[in-house]
Amino acid sequence: QVQLVESGGGLVQAGGSLRLSCAASGSIFSINAMGWYRQAPGKRRELVATITNSGNTNYAESVKGRFTISRDNARTPVYLQMNSLKPEDTAVYYCVGWGPNKNYWGQGTQVTVSS
């Protein structure tokens with residue numbers, strides 16, 4: 001089993017920045033990649049960014065150039081640096097870890113961007 005714990009959400013004004021962290025524990029060797037989803041009220045869950053164990057990254061078009069996903073190695077937290085935040089970035093952000101047979105989810109952290 002893998003446990004994921006997010007932190008770093010909060011309230012910020014438009015144009016501001018936040019950094020989310022996701023700490024993994026347990027059988028982390030089984031994780032091939034990690035990423036962040038978000039879900040706004042009344043909307044579908046959206047994949048925001050991913051990073052593989054080799055460091056390859058991908059981003060949703062809506063966050064390219066503003067968000068950066070990173071990690072030092074497979075044993076360190078995954079970070080999501082969010083800059084130039086917009087009100088439409090308001091959502092619950094979830095950390096996810098993809099394993100060969102199962103995906104793991106964190107409990108979510110709220111990000112609210114005021115206009």
Side-chain angles (χ1 to χ4, degrees):
Q1 288 294 324
V2 174
Q3 295 78 42
L4 302 176
V5 179
E6 303 103 332
S7 61
L11 173 65
V12 64
Q13 288 187 331
S17 298
L18 283 174
R19 189 178 80 156
L20 305 183
S21 299
C22 175
S25 60
S27 303
I28 59 174
F29 61 87
S30 66
I31 298 298
N32 300 319
M34 294 190 70
W36 293 90
Y37 274 84
R38 67 185 179 185
Q39 188 166 22
K43 295 189 177 181
R44 296 180 64 180
R45 192 168 290 189
E46 174 190 21
L47 180 60
V48 175
T50 62
I51 186 166
T52 66
N53 286 347
S54 58
N56 294 318
T57 60
N58 275 292
Y59 299 92
E61 285 296 325
S62 58
V63 306
K64 277 184 180 178
R66 299 188 298 122
F67 290 12
T68 303
I69 189 170
S70 65
R71 68 187 314 187
D72 290 333
N73 59 60
R75 292 184 296 277
T76 59
V78 176
Y79 300 103
L80 186 68
Q81 178 67 42
M82 306 185 294
N83 299 328
S84 302
L85 283 161
K86 305 175 182 180
E88 51 264 43
D89 294 318
T90 295
V92 178
Y93 284 70
Y94 298 91
C95 179
V96 60
W98 287 279
N101 300 308
K102 184 178 180 179
N103 299 335
Y104 302 93
W105 293 84
Q107 80 285 356
T109 185
Q110 177 70 45
V111 171
T112 303
V113 184
S114 63
S115 58

[X] side, atom [atom1]; [Y] side, atom [atom2] - distance, nearest 0.5 Å:
X: Q13; Y: S115; atom1: CD; atom2: OG; value: 9.5 Å
X: R44; Y: Q39; atom1: CZ; atom2: CD; value: 10.0 Å
X: Y79; Y: C95; atom1: OH; atom2: SG; value: 12.0 Å
X: I69; Y: N56; atom1: CD1; atom2: CG; value: 11.5 Å
X: R38; Y: E88; atom1: CZ; atom2: CD; value: 8.0 Å

Nearest atoms (heavy-atom pairs only) where [X] meets [Y]:
X: G35; Y: W98; answer: N-CZ3, 3.5 Å
X: C22; Y: M34; answer: SG-CE, 3.8 Å
X: P87; Y: A14; answer: CD-CB, 4.1 Å
X: Y94; Y: G106; answer: CD2-O, 3.7 Å
X: A91; Y: A40; answer: CB-N, 3.8 Å

Hydrophobic cluster identity match, [X] and [Y], side-chain contacts under 4.5 Å:
X: V2; Y: L20; result: yes
X: Y93; Y: Y104; result: yes
X: Y59; Y: V78; result: yes
X: I28; Y: W105; result: no

Beyond-backbone contact of [X] with [Y], side-chain heavy atoms, under 4.5 angstrom:
X: L11; Y: Q110; answer: no
X: M82; Y: V111; answer: yes
X: R71; Y: N53; answer: yes
X: S17; Y: V12; answer: no
X: K102; Y: Q1; answer: yes

Subject >> Pair E46, S62: side-chain N/O donor-acceptor within cut-off below 3.5 Å >> reply: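 The criterion, which ignores hydrogens and geometry beyond distance, is satisfied for S62 and E46.
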
**OP:** Examine the side chains of T52 and S54 and answer whether a donor and an acceptor come within less than 3.5 Å of each other.
**Re:**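 The criterion, which ignores hydrogens and geometry beyond distance, is satisfied for S54 and T52.
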
**OP:** Scan V96, I51, T50, L80 and name whichever one has a side chain to side chain contact (heavy atoms under 4.5 Å, CB included) with W36.
**Re:**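 Output: one option passes, namely L80.
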
Original post:
Can any side-chain N or O of E6 pair as donor or acceptor with the backbone N or O of G108 at less than 3.5 Å?
Top reply: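 Flag set: sc E6 to bb G108 pair under 3.5 Å.
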
